[in-house]
Amino acid sequence: MPSPWLRIRDEFPILHQEVNGHPLVYLDNAATTQKPRAVMAALDRFYERDNANVHRGLHALSMRATDAYEGARSRVATFVNAEAPEEIVFTRGTTESINLVASSWGGANLRKGDVILLTEMEHHSNLVPWQLVAQRTGATLRYLPVTGDDGLLDLSQLDRVLTPEVRVFAFTHVSNTLGTINPVADLCARARRVGAVTVIDAAQSIGHMPVDVRAIGCDFLAFSGHKMASVTGIGALYGRKALLDAMPPWQGGGGMISNVDFFESRWKPTPERFEAGTPNFGDAVALGAACDFLDTLGREEIRRHDGALARLAYERLSALPGIRVLGPKGERGGLVSFAFESLHAHDVVTFADEDGIALRGGHHCNQPLMRRLGLTSTARASFYVYNEEREVDALVASLRRTLKFFGLQG
Ligand code: 7TS
């Protein structure tokens with residue numbers, strides 16, 4: 001059988017277009033990835049044949065839709081190596097998954113005197129939900145620092161911050177600004193020793209490398225479908241069953257109750273307890289198809305491919321004048337952020353767009369980290385399975401053109 005990598009770009013129709021008179025070079029994959037034909041076809045097939053509301057009908061289509069939805073749950077469970085499908089709660093994505101944990105687990109378990117431990121490299125979606133629950137419960141926030149330009153977690157500080165008052169330790173697997181891959185299994189083991197619950201933000205790892213919740217040993221793990229070749233509006237929260245079982249609902253409505261009276265109700269078991277209202281079953285099917293697509297490519301291979309492009313970009317960009325390239329020099333996730341001393345990131349991104357290159361510029365929802373690094377914004381190139389070395393060349397050529405335009409070629 002030919003390798004699925006050989007014709008990978010044919011799987012992504014959107015790549016075959018020109019932007020501003022140049023072939024599109026899509027390097028904004030950390031924001032959202034493109035979707036392969038197989039995922040779009042699964043969505044079409046579902047809506048052309050099986051669509052009906054789930055968990056309520058006794059008719060054929062509703063049963064087929066329910067099977068498709070629960071099949072997707074099982075597929076996602078095997079994708080992250082959960083013990084059971086019940087450990088997968090479908091959500092709108094990483095942000096909603098973290099809000100669910102912070103609101104439901106945090107609301108029920110945190111009190112004054114408790115500490116929520118985060119790191120300085122968290123995305124706003126792994127900061128703000130914890131700030132909200134801290135305000136509600138009287139718990140306080142504490143941070144594990146990041147080392148300077150290398151952008152690693154400062155593990156020499158871990159014993160100082162990971163004290164017995166820490167009830168929950170929430171951290172990202174891969175930083176969306178630095179590209180750092182954190183030692184998540186070690187961090188979970190350390191947290192367990194003080195009895196802290198662990199929450200992993202896997203938004204930037206789930207589509208790029210093997211993610212095995214049992215090998216990692218985490219309690220919760222949050223991710224988004226749209227960053228792993230699936231569609232927007234669907235994602236998941238993995239939660240260890242014993243923890244999910246003990247958590248109260250966070251939204252009320254149809255589908256999550258076993259019995260409702262005028263003054264009180266009883267909840268269904270997990271995961272339905274956390275899925276009030278009609279769930280996003282169509283997009284869940286697309287998420288299951290994306291799991292198949294990524295496993296066909298092989299997640300180790302994806303890690304190697306994306307990491308190699310990011311390291312190449314890191315090296316090539318480091319040779320440009322007046323540039324600061326962020327994050328670790330060696331092993332990194334599939335992205336690289338950079339800032340020029342004398343150029344605003346928005347100018348860099350606008351000039352790249354003229355050359356058909358899609359980058360992201362800004363604070364990447366990492367404002368506290370940016371301040372810590374003495375920056376207000378960076379430009380970022382982020383890679384996925386369909387990117388090629390020639391696209392790193394195109395990026396470097398475009399940046400040279402921009403530097404020349406501003407008289408900064410050194
Ligand atoms: N966590 C991390 C580490 C992220 O990179 C993102 C999105 C999120 C959480 C939130 O994911 P969502 O799907 O719920 O929105 N990051 C980015 C980014 O870097 N550029 O655009 C979105």
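Atoms within a ligand are numbered from 1 in the order they appear, just like the ligands themselves. For the numbers below, each heavy atom of this structure counts, side chains included, while hydrogens, waters and symmetry mates do not.
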- Sub-4.0 Å heavy-atom environment of ligand 1, residues by chain: Ala30, Ala31, Thr94, Thr95, His123, Ser125, Thr172, Asn176, Asp201, Ala203, Gln204, Ser224, His226, Lys227, Arg360, Arg380

- Message: What's the separation between atom NE2 in His22 and atom CG in Asp353, rounded to the nearest 0.5 Å?
- Response: 10.0 Å

Which side-chain N or O atoms in residues 360-369 pair as donor and acceptor under 3.5 Å with protein atoms at least two apart or in another chain?
residue, atom, partner, partner atom, Å
His363, ND1, Cys365, N, 3.0
His364, NE2, Gly362, O, 3.4
His364, NE2, Thr378, O, 3.3
His364, NE2, Thr378, OG1, 2.7
Asn366, OD1, Thr177, OG1, 2.5
Asn366, ND2, Glu122, O, 2.9

- Query: Which pairs with one or both residues in residues 172-187 pass salt bridge (charged side-chain N to carboxylate O under 4.0 Å, His left out), sequence neighbours excluded?
  - Reply: none

- Are Asp159 and Arg190 ion-paired here, with the side-chain N under 4.0 Å from a carboxylate O? yes

- Task: Could you list all the salt bridge (charged side-chain N to carboxylate O under 4.0 Å, His left out) pairs where at least one residue sits in residues 313-323, not counting sequence neighbours?
- Result: Arg316-Asp393

- With a 4.5 Å limit on heavy-atom distance, are the side chains of Asn81 and Tyr238 in contact? no

